[in-house]
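Working notes, structure below.
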Amino acid sequence: MSNKMTKRKATGLDTPDSVNSDTDASDIRQAVSHFSLETYSKRRKTDDGPSTSELRDFSSLPLKDDHVNRPLWIEPEKGRIIVESFSRPSRGPKTFSSELQSHNLVLFAAVSIGWTTSDILHRLKFYCKTAVPQAIQDFIIVSTSSFGKVRLVLKHTKYYIESSDEQVLQKLLRDEVIGACRIDSSEEFTKEAAPKMGALAIPGTKAAAGARQAEVAVQERPAEDEDDEVVRQEREMLNALREDDEEEEMDQVHSFQIAPENAQKVSKRCREINLPLTEEYDFRNDEANANLDIDLKPSVQIRPYQEQALSKMFGNGRARSGIIVLPCGAGKTLVGITAACTIVLCTSVMSVVQWRAEFLKWSNIDPSDILVFTADNKQQSHFNKNTGVVIATYNMITQSRSHDAMKILDFITKREWGLMLLDEVHVVPAEMFKKVTYSVASHCKLGLTATLLREDNKIEDLNFLIGPKLYEANWQELSQQGHIARVQCAEVWCPMTPEFYTEYLRANTVNKRGLLFTMNPRKFQACQFLINFHEQRGDKVIVFSDNVYALKAYALKMKRPFIYGGTPQNERQQVLDNFQFNPATNTVFLSKIGDTSLDLPEATCLIQISSHFGSRRQEAQRLGRILRAKRRNDEGFNAFFYSLVSKDTNEMYYATKRQAFLVDQGYAFKVITHLQGIEKMPELAYTTPEERRELLQDVLLQNETAGEAEVISEDLFSEYGARKTKKGARRTAGTLSELSGGQDMAYIEYNKSSNKGLKKKKGYQNSFMKGLARKADRVAAAKRENEGVYWCPGLKDNRDA
DNA sequence: TACTTAGCAA
DNA sequence: CCTTTTGCTAAGTA
């Protein structure tokens with residue numbers, strides 16, 4: 001790799017970073033985010049991803065004079081694009097790479113948001129450090145010219161594949177997958193006059209407020225480089241191409257019908273054969289569906305990034321299907337204000353209620369036009385007028401089988417919808433939820449999410465289930481503009497105590513290990529210290545723990561309230577109210593119930609003591625909990641996000657993985673190895689070896705009850721029993737801890753059962769765990785090299801034994 | 001109404 | 001190369 005690829009800050013006037021930074025800089029980052037997604041999933045598959053040595057040496061390529069200010073490299077043969085990323089103080093230079101050939105998805109997404117072929121080429125040239133190879137230019141021209149030729153349209157609740165080019169349709173029909181999906185294969189193509197395009201004003205913008213016919217906010221093209229001969233040639237060529245299109249458009253469109261349940265199959269196949277389907281809704285020319293009488297309240301003014309997102313969606317005067325990624329906060333609802341009938345789907349009953357409230361808050365919609373469809377609310381099965389908004393949960397659409405529910409379901413599936421809004425769209429790829437995309441007939445689908453992430457590889461399915469990613473906001477930019485809070489992120493390394501580490505190495509299941517590294521006394525102390533510190537600063541602190549046992553143990557020891565799934569509704573509310581209004585309650589402990597389904601009052605500090613493996617989504621969602629802080633615009637205000645990590649354990653590896661998304665969003669995680677003044681803290685817990693040993697025994701006993709249920713023989717005490725009755729489970733833990741009080745028996749018994757477990761789980765032990773352990777070791781070793789602080793002497797790693 | 005169960009997601 | 005536990009929702013039962 002060239003030594004030119006070092007961390008640099010772009011400066012100067014005519015540089016990519018300073019020119020038109022509002023649009024271009026974020027656009028390129030958006031394009032790049034596709035690449036990073038790819039790279040990441042690839043890395044998971046191949047274990048290690050492209051290593052540095054795999055990258056080629058670019059030093060032989062001729063550089064442009066001002067190359068330092070241009071962030072892209074292109075590998076000539078493979079077409080791989082490499083992006084230098086700036087301003088990552090803690091991580092140093094990082095490279096993303098991807099092979100262009102396999103990702104015309106990216107190109108399609110670019111075309112979808114209104115870029116022309118020459119826009120793409122021009123931008124690529126503009127940002128590239130070297131000349132863009134001709135082969136790659138040709139590839140882009142060929143690929144993009146076929147985009148937008150075929151459309152998926154909905155007419156009278158039936159799906160049609162439509163194109164102005166009859167030959168393209170014939171080509172599609174010859175494809176065995178697509179051909180088989182056609183209905184009435186004997187018939188000729190249907191013909192009709194092509195619809196006309198026009199401009200549209202987006203509600204809530206100045207243009208719309210001024211009531212003048214607004215020119216749509218399509219991306220401004222970069223300044224022309226008229227001297228460049230190649231650019232001009234190519235422009236002529238493209239103009240010729242586009243004129244062809246326009247002529248055809250004046251003409252007629254041809255179409256054939258496909259079965260609704262095959263729509264996603266066809267869509268997927270079309271992408272594979274490089275003729276991706278465009279899904280657009282020309283709602284202003286829709287005469288079949290009544291328009292919904294809805295508009296934003298006159299006082300409402302949308303924020304610039306919301307306008308930008310909407311301009312991507314309505315860029316050519318129609319509504320495009322796709323996904324918009326915005327961090328949490330008001331305004332997601334605003335995109336729902338368009339025309340025709342709307343259906344909104346959410347994950348939980350809570351958000352259904354919220355959506356309804358938001359509709360009423362932001363728009364002038366008649367409350368009786370909103371139909372809420374949940375388990376508790378399934379009486380009304382029709383609109384008062386001919387049109388309206390339906391808000392439902394995914395569950396009701398996909399699972400409900402009760403009589404009343406079927407009636408409404410029928411109403412929903414039998415009619416045609418203008419816009420389907422899918423909240424938390426990242427859940428849609430789950431098998432069950434996929435059903436909604438074809439069981440509900442909608443002209444246009446819009447997905448909303450704050451975190452377009454999954455730990456399986458199903459996220460790509462959204463491309464054919466919904467559409468391309470239209471817009472993604474950058475968290476750091478939003479926080480600089482003051483829309484969300486500034487956050488300091490830190491990873492706190494807590495060394496394991498020798499006793500806990502010995503048991504950690506001896507433990508043979510993920511659970512036991514997990515319990516040991518979250519119950520690490522040093523971690524407890526760190527948590528105690530941080531809570532103390534932030535409460536004194538006047539912060540409201542939330543502590544997250546995925547592990548319920550640890551949650552209770554921490555909360556009880558520190559005498560702070562906690563909420564988990566088993567907490568009754570009224571108690572939950574009481575705790576939250578206290579947290580919000582009572583100045584004496586400044587800390588609350590939450591299980592993963594707090595990730596999604598709790599309406600949290602705003603907190604300003606967040607501490608994570610245990611988490612779900614390497615889930616990037618969870619990390620992002622938790623961070624999102626402190627972004628709304630009202631004090632965000634105060635001078636020098638910071639929110640805090642701590643991840644407590646036990647050193648030299650798998651947790652190190654998980655933590656790094658979990659942070660990947662936030663790091664991509666521009667957050668820098670500081671590493672804290674020592675909390676200043678922690679030794680001097682009064683009432684610090686677990687300072688004596690006796691206390692620590694007692695804790696360890698409790699933990700080990702807890703382990704045993706979970707793993708070796710039959711020893712206790714009573715069903716109530718088994719893990720299964722705990723699942724059945726939550727009250728029973730709570731009592732169990734308490735009783736058994738009391739029983740254990742300072743007796744070494746528990747410890748000895750644990751060792752026996754641990755050995756048994758070793759034999760039984762040997763295969764598991766040797767494969768998966770070893771992989772994780774190796775990675776963790778590598779991470780730990782690297783970190784140890786840097787730090788040289790802590791290593792348990794005399795302990796041998798017995799994981800391979 | 002309150003509680004339990006099944007099925008699903010992450 | 002493997003998979004837990006926790007939580008949510010809908011619907012059934014006393």
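Convention: sequence-line order gives letters A, B, ...; per-chain numbering from 1. Bear in mind the structure is a predicted one, so any value in this text is a computation, not a measurement. Side-chain atoms are counted along with the backbone in the values below, which use heavy atoms only and exclude waters and symmetry mates.
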Nearest-Å distance for atom pair CD1/C1', residues A:Ile397 and B:dC8: 16 Å
Taking atom P of C:dT3 as reference, at what distance in whole Å does atom NZ of A:Lys512 sit? 16 Å
Which heavy-atom pair separates A:Thr596 from A:Arg625 by the least distance, and what is that distance? O-NH2, 3.4 Å
Considering only heavy side-chain atoms of A:Ile593, the closest of C:dC8, C:dA10, C:dA11 is C:dC8
Hey, does A:Ser591 reach any base, or is it just sugar-phosphate, or nothing, if we go heavy atoms under 4.0 Å? sugar-phosphate
Nearest of B:dA10, C:dC8, C:dT9 to any side-chain atom of A:Arg617? B:dA10
Give one of base, sugar-phosphate or nothing for A:Gln618, where a contact means two heavy atoms less than 4.0 Å apart. nothing
How many Å lie between CG on A:Leu422 and P on B:dA9, as a whole number? 15 Å
Closest non-hydrogen contact found for A:Val645 with A:Glu491 is CG2-CG, 3.7 Å
Please round to the nearest 0.5 Å and tell me the distance separating atom CD of A:Glu571 and atom CG of A:Leu576. 11.0 Å
Respond yes when some side-chain nitrogen or oxygen of A:Asn511 is under 4.0 Å from OP1 or OP2 of C:dT5, and no when none is. yes
C:dT6 P sits how many Å from A:Leu515 CG, rounded? 10 Å
Please classify the nucleic acid contact of A:Lys458 as base, sugar-phosphate, or nothing, using heavy-atom distances under 4.0 Å. nothing
Write down the distance between CE (A:Met432) and P (B:dA6), rounded to a whole number of angstrom. 17 Å
For the pair A:Phe524 and A:Tyr554, name the ring-plane relationship: parallel under 30°, tilted 30 to 60°, perpendicular over 60°. tilted
Does the ring centre of A:Phe411 sit less than 6.0 Å away from the ring centre of A:Phe383? yes
May I ask you to verify if any side-chain N or O of A:Thr393 is less than 4.0 angstrom from the OP1 or OP2 atom of C:dA10? yes
Using whole Å, what does the distance between atom P of nucleotide C:dT3 and atom CG of A:Asp546 come to? 20 Å
Does a side-chain N or O from A:Ser402 land closer than 4.0 Å to OP1 or OP2 of C:dA10, or not? no
Compare side-chain N and O positions of A:Arg454 against OP1 and OP2 of B:dA10 and report whether any pair is under 4.0 Å apart. yes
Whole angstrom value for the distance that separates C1' of C:dG7 from CD of A:Gln569: 13 Å
Given B:dA10, C:dA10, B:dC8, which nucleotide is nearest the side-chain atoms of A:Gln399? B:dC8
Could you give the NZ-to-P distance, from A:Lys592 to C:dT4, as a whole number of Å? 13 Å
